[in-house]
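Written out below as structure tokens is the structure these notes cover.
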Amino acid sequence: MRTGVFVGSFDPFTVGHDSIVTRALGLFDRLVIGVVGDQVHKPNMQPAEQRMQAIKELYANEPRIEVKPYYGLAVDFAKAEGAQYIVKGVRSVKDFEYEREQADINRHISGIDTVLLFAEPQYSSVSSSLVRELQHFGRDVSEFLPKK
């Protein structure tokens, strides 16, 4: 069984994240969405259980997807889940360089490969931090959040 893990804080889970998940399902038999636990302190971050619940509801009808909290390194989470791959989304050259370096180190320390999926053009500027900032200023962000 080919298993991939897609990890992040997902605060909030955006249409860009949803696009990566949908496309990754074509590559894997099982996809585990790893939500960073509450040990990470970002300003105003929603509790992990709340972030996980929103994602679980979104994919309630997809049995190949599991949503779990993770703590520590993504490669350790991937190993614990029996995953052969880490899935990452890339929006820009800046993202690519960061993810390439992470992928090299992750492969070196664990043997687990990383699959990079490039953002669809319409989502290349969508980020969780952008959505949080718009929310902070009272803007409607519904177009940036996946529909159930």
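- Between atom NZ of residue K79 and atom CD1 of residue I109 there is a gap of 8.5 Å, rounded to the nearest 0.5 Å.
- For R100, the CZ atom sits in a packed shell: over 12 heavy atoms of surrounding residues, nucleotides or ligands are nearer than 6.0 Å.
- Residues satisfying the salt bridge (Lys or Arg N to Asp or Glu O under 4.0 Å) criterion with R23, sequence neighbours excluded, are absent altogether.
- Under the salt bridge (Lys or Arg N to Asp or Glu O under 4.0 Å) criterion, D29 pairs with R2, sequence neighbours left out.
- Closest heavy-atom contact between A48 and G37: CB-CA, 4.0 Å.
- Annotation: the span from Q50 atom CD to D11 atom CG amounts to 8.5 Å, rounded to 0.5 Å.
- Applying the side-chain hydrogen bond (donor to acceptor under 3.5 Å, both in side chains) criterion to R91, with sequence neighbours excluded, gives D95.
- Summarising the hydrophobic clusters (Ile, Leu, Val, Met, Phe, Trp, Tyr; side-chain heavy atoms under 4.5 Å, direct or chained), the residues clustered with V93 are none.
- Scanning for side chain to side chain contact (heavy atoms under 4.5 Å, CB included) contacts around A78 gives V5, A83, I86, I112, with sequence neighbours left out.
- The shortest side-chain heavy-atom distance between Q102 and T114 does not fall under the 4.5 Å cut-off.
- Closest of all the heavy-atom pairs between E99 and K88 is OE1-CE, 3.1 Å.
- Ion pairing between E81 and R30 holds under the 4.0 Å rule for side-chain N and carboxylate O.
- Minimum interatomic distance between S110 and V75 (heavy atoms only, all atoms of both residues): OG-CG1, 3.5 Å.
- Here the shortest heavy-atom pairing between A119 and S124 reads CB-CA, 4.1 Å.
- No continuous path of ILVMFWY side-chain contacts below 4.5 Å connects L130 to V90, so the two sit in separate hydrophobic clusters.
- Taking both residues in full, the closest heavy atoms of H17 and P12 are given as CE1-O, 3.6 Å, listed atom of the first, atom of the second, then distance.
- With sequence neighbours left out, the salt bridge (Lys or Arg N to Asp or Glu O under 4.0 Å) criterion links D18 to no other residue.
- With sequence neighbours left out, the side-chain hydrogen bond (donor to acceptor under 3.5 Å, both in side chains) criterion links Q53 to E57.
- To the nearest 0.5 angstrom, S128 atom OG is 10.0 Å from R51 atom CZ.
- Side-chain polar atoms of S142 and D140 form a donor-acceptor pair below 3.5 angstrom.
- Cluster partners of V67 are F6, F10, F13, I20, V21, L25, L27, F28, L31, I33, V35, M52, I55, L58, Y59, I65, Y85, V87, V115, L117, counting Ile, Leu, Val, Met, Phe, Trp and Tyr whose side-chain heavy atoms approach within less than 4.5 Å, directly or via other members.
- In plain terms, the two heavy atoms of V36 and S9 that are nearest each other are CG2-N, 3.9 Å.
- Legend: residues meeting side chain to side chain contact (heavy atoms under 4.5 Å, CB included) with S125, ordered by chain and number and at least two apart, are absent.
- Note on residues 104-145: no pairs pass ring pair (Phe, Tyr, Trp, His ring centres under 6.0 Å), not counting sequence neighbours.
- Note that the CG atom of D76 and the OH atom of Y70 stand 10.5 Å from one another [nearest 0.5 Å].
- Heavy-atom neighbours of K147 NZ from other residues, nucleotides or ligands within 6.0 Å: above the threshold of 12.
- Heavy atoms from other residues, nucleotides or ligands lying under 6.0 Å from CD of Q135 number more than 12.
- The hydrophobic cluster analysis finds Y98 isolated: no Ile, Leu, Val, Met, Phe, Trp or Tyr side chain comes under 4.5 Å of it, directly or through other members.
- Scanning for salt bridge (Lys or Arg N to Asp or Glu O under 4.0 Å) contacts around D113 gives R107, with sequence neighbours left out.
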Check the pair M45, R132 against side-chain contact (heavy atoms from CB on, under 4.5 Å), reporting the backbone distance first and the verdict last.
CA-CA 9 Å; M45 188 159 84; R132 282 194 312 275; over 6 Å; no
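- With salt bridges taken as basic N to acidic carboxylate O contacts below 4.0 Å, none links K56 and E66.
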